[in-house]
Every structure is written in structure tokens, then in C-alpha cells.
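To start, the structure under review is shown below, and the notes come after it.
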Amino acid sequence: MHNKTIAEIARDLRNKQYSSVELTRHFLDRIQQHQELNAFVSVADEHALGQAEAADKALAAGDAPLLTGIPIGQKDIFCTRGIKTSCGSKMLDNFESPYDATVVEKFKQNGAVMPGKLNMDEFAMGSSNETSFYGAVRNPWNVDCVPGGSSGGSAAAVAARLVPAATGTDTGGSIRQPSSLCGITGLKPTYGRVSRYGMIAFASSLDQAGPMTRNAEDAAILLQAMAGFDGKDSTSVEQDVPDYRAELNNSLQGLKIGIPKEFFSSDLNADIAAVVNSAIAEYQKLGAELVEVSIPSLNQSIPVYYVIAPAECSANLSRFDGVRFGYRCENPQDLADLYTRSRGEGFGAEVKRRILMGTYALSAGYYDAYYLKAQKIRRMISEDFKKALSQADVLMGPVSPSTAFGIGEKTGDPIEMYLSDIYTIGVNLAGLPGMSVPAGFVDNKPVGLQIIGDYFAESRLLNVAHQFQQVTDWHQQIPQGFE
Amino acid sequence: MSLTADDVKKIAYLARLGIDQQDIGDYAKDLSNILDLMTSMDELDTGAVQPMAHPMDQTQRLRADEVAETNQREHFQACAPQVENGLYLVPKVID
């Protein structure tokens, strides 16, 4: 059962090949068997089996929504009423949200089963899942390596077949990079496409939730459930949600693929470049044409991102003060001590680094030099992407400059970790949709191809990814020991 | 651009963020390295460019002023570290 896609499971459940309770038990058993991956922060057995029983009744009655009875893991950044929501932090180790995130509510409305909450970098700040209070997640392709981050638990769980699919969030690459490193399909939608309500905020002008699945068709099914206007999120976009599966089978004849030359500079690892280039050659066989484009400001995206994201994070994380929820230090001497020690003891090193960086960038005397300057260059980066996308239907390139690296290999140097976001963060700064699609292996470790589209062109991205998956089988590879 | 231990203490104070004394040097070094990364921003002339705060350049949406939520104080306070009579308790501020 665990090697089936969501589309297949939905069919099997309706043909009564197995029940949702049987399916859910099967996945809960796998989660139990593979605890060594550390993919889950909490497992919600009883909750999930209760939902599965209700799903079986709904299926028997007929007319149940497509996701009815199918287990979907939630990144532990989404608030779930009655189930711990930690955001990978000691600060929220004791936190049970009084309400559900809109994404969680939408999955409930669609009948999905929620088997548990997936591990992640603390407050989604990290590219390796090593900043989690609950420890590093292991990559099923090589358990000595990281799964990427911040949605590392989601990526590892989907790759290891512990869940058929999961949610992730992407502020600077946190869906696409772990999808690339774990060999799964991940989609970061256009900013504002999926509600941020109840999704614990890191950098509000960049954060976006999306699906992490085994193939593009499943990503389309999940996005269908997640997307849409939400009055509870003031940045949610009021735009109709198309049928994301409607264009999957369209031909790619005449598709114009923009190749940003900055994505293929001499810094790119030759083995990764070879995988990406052979994927692009596959598209040429499908009738696509290549156009060279340029994003001249791309190399500025790292400094810009590491000003804007920490600035927004320092403001967002000021709510964690030990008063209304979350961690509180013992025996505070006075109010200042309560704030300072609760935050000092509740946050880990990377989160502190970013709060300090953001506070500095926003402080009097430095605001213009850092924050304002970064916002101006953000517009230039955004304009560069728009121009490139006016010359092509989609852009393609690598997701990450490396394959999965060793656990502990980069933890000593925050800058080195930041530099690994070079190909993904520009997309967040511009607010564009982007995908990672399995495209091959280097040293038995997966490599993803990044596909970037115009605003609200998710259907196009999914079509482009799906057609690739009709002629390749990289997305069907299973890590050894998880068959 | 390099930050001193005193700079770090000052920023940590602004952020009400407790930092262990022995870690201050490491934070000063890391933050200085991050700020070095930022210096490349100065290479670009951004004189006429409008700052971009938000990818969609949206204005704040307004909604009708209608009652939507009911009072759920006890439910919301169930996750608080310390409450009494519906109030959040913190150390005494005024003697």
C-alpha cells in the first residue's frame, strides 16, 4: 500500500481493496518501524484512526471528497487543535494550539487523515533540519546525511513511504531543497495562493505553504485542497483556484524553457550540472525549445534575503515572551528577566542569530543601509525574474548546489549553510511559484530539477513536471530498506 | 563590518534575548561574517528604485466591521503558563 500514489489510493479505497483504517494502520506501523529517521515530532495514532473510521463511513455512503481516508503528514509549523504544535522549538514544546490552521482545516474538510506532525528546522530557520530542538532528521537515501530543510521531516517521510504525502512551507527554499535532497516532488506556490493562517510565521512576506509528494499529479491533488482565498489571512490572494489536474496531459510541444545563465555559472558542481542538463535535454525531446535568459541580480539574492528574512523574523518572534503561551523560565526575578530568560532559554542558536541580525538591521541608524537597501534590491531581483519570464514559459535550473551533505558537516559555519540557498531564495523574494522534480542521482543521492513559473502558473508547472514524469522514472525510485 | 561583544549585548537587549556570556564572542563573529556578506549590496545603485515590501504590492484589504468571534477566553488561556481570574500573571511591575 505504501508505494501507491494518492491518485491510486483514492481509487483503491473506492474499490474497497482496503479500508482507510487498514491503510492508516499500515502507515502508522511504518512510522513506528522507522523511528530512526526522526521524521516525526509527534504521532497522532488515536486521532488518525478516529479520522480513518469516519472516512470509511463517508466512503461507504458515497460522494466523499477525493482525499477521504488518505493519511497526509503535517509539517509541525501548522497549528493543530488538540495536538502539539512545536515548530521544532523548545519554545513551543508544551504548546497545544487552541485552533486549527486553515490548511489543516481544509484537509479535514477534504476527509484526509492526519497521522502526525513532521520534524523541521526550528521555526523553519535552516537548510538541513539540524536546528530542530528534536534533533536532526536522517535522509532515507543515506542515513548519515541530512534530508535538507526546513521541511526535512516532510521530505524524509514521503521519500521513506511513511506517509503518501505531506505539507511543507517554503520561505527560502524549504520545500524545494529538501524535496531535491530526498528525491521527491515539491511545489512552492505563488505567494498568497495558500493561506498562512495558523502557519507559524517566520518571514511573512516570503512564507508560503505547499505540497510535498511523490509525483506531480499528487502535488496537483494536494494543492487543490490547500489553495484558495482566506479572509483570515490579509495577504491571501482573491483569485479563483483552477482545476490543477486539467492541464497535466497537455503537450509540451513548443514550450519555451528559459535557462538563466547565472544558474549555470562555474560555481555549480559539474555532476549536478550534468543531471540538470540531461533533464533539460529530455524536455527538448518532448518538443521544448531553450532560450538563454539572465537574472543579473541573482547573486544579490543571498544578502537581500538574509536581511529581509531575519528582519521579519525578529518582529514575528517577538510574540514569544513567556506570558501567553509557550516556554516560561523558572522563577523570573522581574518582567524583564521573564522576557529575556524565557526567550534566551526557549530559542536555539540559529533562531537567536537571526533575531539578533534582524534586530540590528531594523535598529535606528542601520535601517536605511540594510533593510531599505535590501527592499530596493528585492524589487530589482523581482523585475529580473519578470523579464526572464516574459521571454520564456518556465525557467529551469538546479535546486541546490549540492546533494545531501553529512549530518554535522556544515553546522559550524552558518554562512556556508546560507550560501546553499542561492538557487531557491530569488523565487521567494519575487513571490513566484517553483518546483523541485526528481531528475537523477549523484553518488546514489537524489538531485532535483527546479522549474520556476510565472505568478499563478501552478497548472503550467504541474503540467511540465508531469510530462517529464511520463518519460522518466526518477520519481519512482525507492531508497533501499524502505521498499 | 565587524561587531564587538558590546554591540551584541546591546542588540540582545533590544531583542530582550538572553545570551550566555560565554557565547557572546561566537555571536559577534557570526554576525560580523553575515554583515560582510551584506556589503555586496552596496555595489548596486538603487537610487531610483522603489523599495518592495511585498511580492504582490498589495494594499491592506479592509473588511466590514462585523462581529465574527465569540469570547473563548478560557479556551485560549488554557495554553498560558500562568493565569488567575482570566488574567495572565507576570512578576509584579509596580510595588
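Numbered from 1 within each chain, the chains take letters A, B, ... in sequence-line order.
- Ranking B/A78, B/A80, B/A12, B/P81 against chain A, the residue ahead of the rest is B/P81, based on heavy-atom pairs under 4.5 Å.
- Between A/G344 and B/L17 the shortest heavy-atom distance is N-CD1, 4.3 Å.
- Counting all heavy atoms, side chain and backbone alike, A/I355 lies closest to B/A15 at CG2-CB, 3.8 Å.
- Annotation: side chain of B/D7 is not in contact with side chain of A/Y360 (no heavy-atom distance under 4.5 Å).
- Using a 4.5 Å cut-off on side-chain heavy atoms (C-beta onward), A/D413 and B/N33 make no contact.
- For a residue to count as touching a neighbouring chain, one of its non-hydrogen atoms must lie under 4.5 Å from one of that chain's; by this rule B/M41 touches chain A with backbone and side chain alike.
- Looking at A/S314, there are no atoms closer than 4.5 Å to chain B (heavy atoms on both sides), in backbone or side chain.
- If you measure heavy-atom distances from B/E43 to chain A, the contacts under 4.5 Å come from the side chain alone.
- With a 6.0 Å radius and a threshold of 12 heavy atoms from other residues, nucleotides or ligands, A/K387 has its NZ atom at or below the threshold.
- We find the CD-NE2 distance between A/Q375 and B/H54 to be 11.5 Å, quoted to the nearest 0.5 Å.
- No part of A/Y371 comes within reach of chain B, as not one of its non-hydrogen atoms sits under 4.5 angstrom from that chain.
- Of the two parts of A/E383, neither the backbone nor the side chain holds a non-hydrogen atom closer than 4.5 Å to a non-hydrogen atom of chain B.
- At a 4.5 Å heavy-atom cutoff, A/Y327 makes no contact with chain B through either its backbone or its side chain.
- Under the 3.5 Å distance criterion, the side-chain polar atoms of B/R16 are left unmatched by any main-chain donor or acceptor of A/S318.
- Proximity to chain A (any heavy atom under 4.5 Å) is restricted, for B/L89, to the backbone atoms N, CA, C and O.
- Atom NZ of B/K10 sits in a sparse spot, with 12 or fewer heavy atoms from other residues, nucleotides or ligands closer than 6.0 Å.
- Residue contact with chain B, scored on non-hydrogen atoms closer than 4.5 Å, involves the side chain of A/I415 exclusively.
- Ranking A/Y418, A/F95, A/Y191, A/Y339 against chain B, the residue ahead of the rest is A/Y191, based on heavy-atom pairs under 4.5 Å.
- Between chain B and the residues A/S236, A/S363, A/S204, A/G326, the largest count of heavy-atom pairs under 4.5 Å involves A/S236.
- With a 4.5 Å cut-off on non-hydrogen atoms, A/R81 touches chain B through its side chain but not through its backbone.
- The candidate from A/P303, A/S297, A/P310 with the greatest count of non-hydrogen atom pairs under 4.5 Å with chain B is A/P303.
- For A/A361, no part lies near chain B; criterion is any non-hydrogen pair under 4.5 Å.
- No more than 12 heavy atoms of other residues, nucleotides or ligands shown are found within 6.0 angstrom of CD on A/E330.
- For the atom pair CZ of A/R354 and CG of B/D30, the computed distance is 12.0 Å after rounding to the nearest 0.5 Å.
- Of all the heavy atoms in A/M380 and B/D45, the pair that sits closest is CE-O, 4.3 Å.
- Other residues, nucleotides and ligands place no more than 12 heavy atoms under 6.0 Å from the OH atom of B/Y13.
- A/N331 does not touch chain B: none of its heavy atoms, backbone or side chain, sits under 4.5 Å away.
- Residue-environment remark: OH (A/Y366) stays at or below the threshold of 12 foreign heavy atoms within 6.0 Å.
- Residue contact with chain B, scored on non-hydrogen atoms closer than 4.5 Å, is absent for A/F320.
- Looking at A/A374, both its backbone and its side chain come within 4.5 Å of chain B, counting heavy atoms on both sides.
- Contact of A/P332 with chain B is made through backbone and side chain together, with heavy-atom distances under 4.5 Å.
- For B/Y27 against A/L356, the heavy-atom pair with the smallest separation is CD2-CD1, 3.8 Å.
- Interface residue A/Y306: backbone and side-chain heavy atoms are both found under 4.5 Å from chain B.
- When atom types are taken as modelled, the side chain of A/R324 and the backbone of B/F76 share no donor-acceptor pair closer than 3.5 angstrom.
- Taking every heavy atom of both residues into account, B/I19 and A/K352 meet most closely at CD1-CD, 4.0 Å.
- A 4.5 Å side-chain heavy-atom check between B/Q77 and A/P98 finds every atom pair outside the cut-off.
- Counting heavy atoms from C-beta outward, A/T235 and B/M56 have side chains that stay 4.5 Å or more apart.
- With a 4.5 Å cut-off on non-hydrogen atoms, A/L317 does not touch chain B at all.
- Taking chain A as the reference chain and counting heavy-atom pairs below 4.5 Å, the highest number among B/I34, B/V83, B/L14 is found for B/I34.
- For the atom pair CD1 of A/I381 and CE of B/M52, the computed distance is 9.0 Å after rounding to the nearest 0.5 Å.
- When heavy atoms are compared at a cutoff of 4.5 Å, A/I308 does not approach chain B at all.
- Atom CG in B/L31 sits 8.0 Å away from atom CZ in A/R353 (nearest 0.5 Å).
- Considering only heavy-atom pairs separated by less than 4.5 Å from chain A, the leading option among B/D42, B/L35, B/D36 is B/L35.
- Listed for the A/Q300 side chain is a donor-acceptor partner under 3.5 Å among the backbone atoms of B/S40.
- No option in A/K376, A/K373, A/R379 other than A/K373 meets the side chain to side chain donor-acceptor pair (under 3.5 Å) test with B/T46.
- The minimum heavy-atom distance linking B/C79 with A/E96 is given by the pair CB-O, 3.9 Å.
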